[in-house]
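For reference, the structure is listed below as structure tokens.
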Amino acid sequence: MRLTTFALILFAVMTGFTTKPVPNKEFKILNCTMQRSFGGVAGSGTSTVFMVELKALRSFEFMSDTGYAEGRADKIIIVGDTSTKPIKKLKKGQKIKLMIPIRTPGMIGGSNEQMVIPGSPVCDPPDKLTGRLVLRYKAGGTKYITLIINNIKDLEPILGQ
């Protein structure tokens with residue numbers, strides 16, 4: 001009896017510390033693209049804009065939070081939503097488009113007129129999850145949920161002139 005209890009506790013502890021991504025129950029990924037932009041001024045930073053189109057698999061209140069890519073993080077923007085709030089009520093089957101801009105810092109100007117343009121903060125995704133793009137959001141509750149996206153179409157870069 002004691003050996004069985006010990007084995008069950010050991011199994012629970014070992015599986016409790018692993019962080020396997022749970023299949024996403026809120027969204028089906030329809031499309032994801034990324035496009036890099038390079039500034040035309042010496043010292044200007046670069047930006048990568050991720051556009052994600054999702055289809056809701058159930059009705060819920062979506063609260064956008066953070067997108068993680070390229071070792072940086074920035075807020076998720078709901079495209080086409082005139083509200084400045086990061087919350088949107090979704091119905092089953094409804095499509096939503098998200099934009100995640102990831103920027104590197106830049107320094108433009110010269111001598112005493114140097115201007116630093118901050119980029120997206122350097123940050124790792126939550127729970128050490130790996131993927132080309134990791135989205136963190138809430139779906140009608142208080143717990144954060146992550147969506148890992150690896151299948152991303154690269155668009156032609158925009159070169160500054």
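Values below: all heavy atoms of this structure, side chains included; hydrogens, waters and symmetry mates excluded. Sequential numbering from 1 along the given sequence is applied to the chain's residues.
Between D74 and R103 there is a salt bridge, with a side-chain nitrogen of the basic residue lying less than 4.0 Å from a carboxylate oxygen of the acidic one. Salt-bridge annotation for R132 and D154: present, with a side-chain N of the basic residue lying under 4.0 Å from a carboxylate O of the acidic one.
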*Taking it one step at a time, do L54 and K28 satisfy side-chain contact (heavy atoms from CB on, under 4.5 Å)?*
CA-CA 6 Å; L54 303 168; K28 176 182 179 184; over 6 Å; no

*Before giving the answer on side-chain contact (heavy atoms from CB on, under 4.5 Å), spell out for V49 and M99 the whole-Å C-alpha distance, their side-chain angles and the decisive distance to 0.1 Å.*
CA-CA 7 Å; V49 176; M99 179 174 75; 3.6 Å; yes

*salt bridge (Lys or Arg N to Asp or Glu O under 4.0 Å) between E70 and R36: does it pass, once the steps are laid out?*
CA-CA 12 Å; E70 302 176 346; R36 290 191 199 285; 2.6 Å; yes

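Contact check for I152 versus F50: side-chain heavy atoms found under the 4.5 Å cut-off. Between K95 and L30, some side-chain heavy-atom pair lies under the 4.5 Å cut-off. For the pair P101 and S47, the minimum side-chain heavy-atom distance is 4.5 Å or more. Looking only at side-chain heavy atoms (C-beta outward), Q94 and K88 come within less than 4.5 Å of each other. Residues I29 and L147 meet the side-chain proximity criterion, which asks for heavy atoms closer than 4.5 Å. Using a 4.5 Å heavy-atom cutoff, the side chains of I96 and I78 are in contact.
Separation of atoms CD1 (I76) and OG (S64) is listed at 5.5 Å; rounding is to 0.5 Å. Taking SG of C123 as the reference point, atom CD1 of I102 lies at 9.5 Å (rounded to 0.5 Å). The SG atom of C32 sits 11.5 Å away from the NZ atom of K153 when rounded to the nearest 0.5 Å. Annotation: the span from Y144 atom OH to T66 atom OG1 amounts to 7.0 Å, rounded to 0.5 Å. Note that the CZ atom of F60 and the NZ atom of K25 stand 13.0 Å from one another [nearest 0.5 Å]. One finds the CD1 atom of I77 at 10.0 Å from the CG atom of L98 (value rounded to the nearest 0.5 Å).
Using a 4.5 Å cut-off between side-chain heavy atoms of Ile, Leu, Val, Met, Phe, Trp and Tyr, with links allowed through other members, L133 and M34 fall into the same hydrophobic cluster. One hydrophobic cluster, built from ILVMFWY side chains closer than 4.5 Å, cannot hold both Y68 and I145; they sit in different ones. At a threshold of 4.5 Å between side-chain heavy atoms, the hydrophobic network of Ile, Leu, Val, Met, Phe, Trp and Tyr places V52 and V134 in two separate groups.
Between S120 and R72, the shortest heavy-atom contact is O-NH1, 2.6 Å.
Not a single donor-acceptor pair under 3.5 Å links the side chain of R58 to the backbone N or O of K92. Side-chain N or O atoms of T104 include none that pairs as donor or acceptor with a backbone N or O of G119 at under 3.5 Å.
With a 6.0 Å radius and a threshold of 12 heavy atoms from other residues, nucleotides or ligands, K97 has its NZ atom at or below the threshold.
Checking T48 against Q35 by side-chain atom types alone, no donor-acceptor pair falls below 3.5 Å. In this model, no donor atom of one side chain and acceptor atom of the other lie less than 3.5 Å apart for R136 and T146.
Using cut-offs of 30° and 60° on the angle between ring planes, the pair Y137 and F62 is tilted.
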